Amino acid sequence: MADLATLVSGIAAEMQAMPHRGAVADYIPELAKVSADHFGLVVIDADGQEHSAGDADTRFSIQSVSKLFALVEALNRDPDAVWRRVGREPSGSAFNSIVQLEAEGGRPRNPFINAGALAVTDLLTSDDDPRAGVGAILRLVRSLAGDDSIATDGAVAYSEAATGHRNAALAHFMKAHGVVRGSVEACLSTYFHQCAIAMSCRQLARAGRFLAHGGIDPASGRTITSPERTRRINALMLTCGHYDASGEFAFRVGLPAKSGVGGGILAIAPGRASIAVWSPGLSPQGNSLLGTLALERLAHAMGWSVFNPDA
Ligand code: GLU
């Protein structure tokens, strides 16, 4: 098996030299300002050793990776409420698809497409206290990453709110079907602010460790969620974490992972490692192009795959 430290720096060097890096998301104007040249990778192994390379400590917009933390928070509060509103099937459709939601009566396929994430966020949102939802998600990621400086980037949140008409359409449609129960405005505001949370690969990899270790955060020994729920969240990440490229990601990488249009991906090698990668250029489906390739290289070299009985 490859030496992890050498592997991580070798992969970063290879990715930094890649000429084709994908297109940075520009439908959120603030994200279009980020250079496609960035690349960061952090792997935290089961012993807590951190192997990092490139822009490992540069903060970026975690975007849809936040949907994972919102889901953990909502499931810990009331799992039945979550599963009454959203399904657990891969969508096979774009992350912001409207047509599937209408065809299926306003019930989103899963918690990781935008519609499903909005329904989950609605569960965390209080009409009386518009900051409560994002506050809960921030508290969770800060405690997991052991870093109270993690915050929402206000410029990104504002930029998305100013242009987020598709998300507004999804939320209003779900309100019409009773899937979103509270104020649509409060739900959207919470969602835009959670997506605008800025974290580095190191912070993200630390925040994901509990998913590699049966729901227990090895850094603190704290139980974040139950072993059974952890397995199920990992199953959802594997089947739905990359939108309509989830099958391709499972085929190439074989690990549960959640991507965001900021170019970040959090991937979990159960029992082995928590991995965060960042490269802002995206594939046409909205997943980091080089981030995916880097994870493919890493998983292959380490033999890490949920489909590998020896891993
Ligand atoms: N904030 C983004 C949106 O709602 C999240 C999408 C993503 O990261 O995939 O469009």
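Note that this is a predicted model, so its numbers are computed, not measured. Both ligands and their constituent atoms are indexed starting at 1 by order of listing. Positions are given from 1, in the same order as the sequence printed here.
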Quiz item: Would you call Arg85-Asp122 a salt bridge at under 4.0 Å N-O?
Solution: yes
Quiz item: Between Phe249 and Lys258, is there a cation-pi geometry (under 6.0 Å to ring centre, at most 45° from the normal)?
Solution: no
Quiz item: What is the ring orientation for Trp278 with Phe60, classed by angle as parallel under 30°, tilted 30 to 60°, or perpendicular over 60°?
Solution: parallel
Practice problem: State plainly whether the residues Glu50 and Arg206 are in salt-bridge range, i.e. N to O under 4.0 Å. | Solution: yes
Quiz prompt | Backbone N/O of Ser288 and side chain of Ser279: donor-acceptor pair under 3.5 Å | solution = no
So what's ligand 1 close to, N/O to N/O, under 3.5 Å?
residue	atom	partner	partner atom	Å
ligand 1	1 (N)	Gln63	OE1	2.5
ligand 1	1 (N)	Glu160	OE1	2.9
ligand 1	1 (N)	Glu160	OE2	2.6
ligand 1	4 (O)	Asn114	ND2	2.9
ligand 1	4 (O)	Glu160	OE2	3.1
ligand 1	4 (O)	Asn167	ND2	2.9
ligand 1	4 (O)	Tyr191	OH	2.6
ligand 1	8 (O)	Ser64	N	3.0
ligand 1	8 (O)	Ser64	OG	2.7
ligand 1	8 (O)	Val261	N	2.7
ligand 1	9 (O)	Ser64	OG	2.9
ligand 1	9 (O)	Tyr243	OH	2.5
ligand 1	10 (O)	Tyr27	OH	2.6
ligand 1	10 (O)	Asn114	ND2	3.3

Quiz item: Would you say Val120 and Phe69 are hydrophobically clustered, going by side-chain heavy atoms of ILVMFWY under 4.5 Å?
Solution: yes
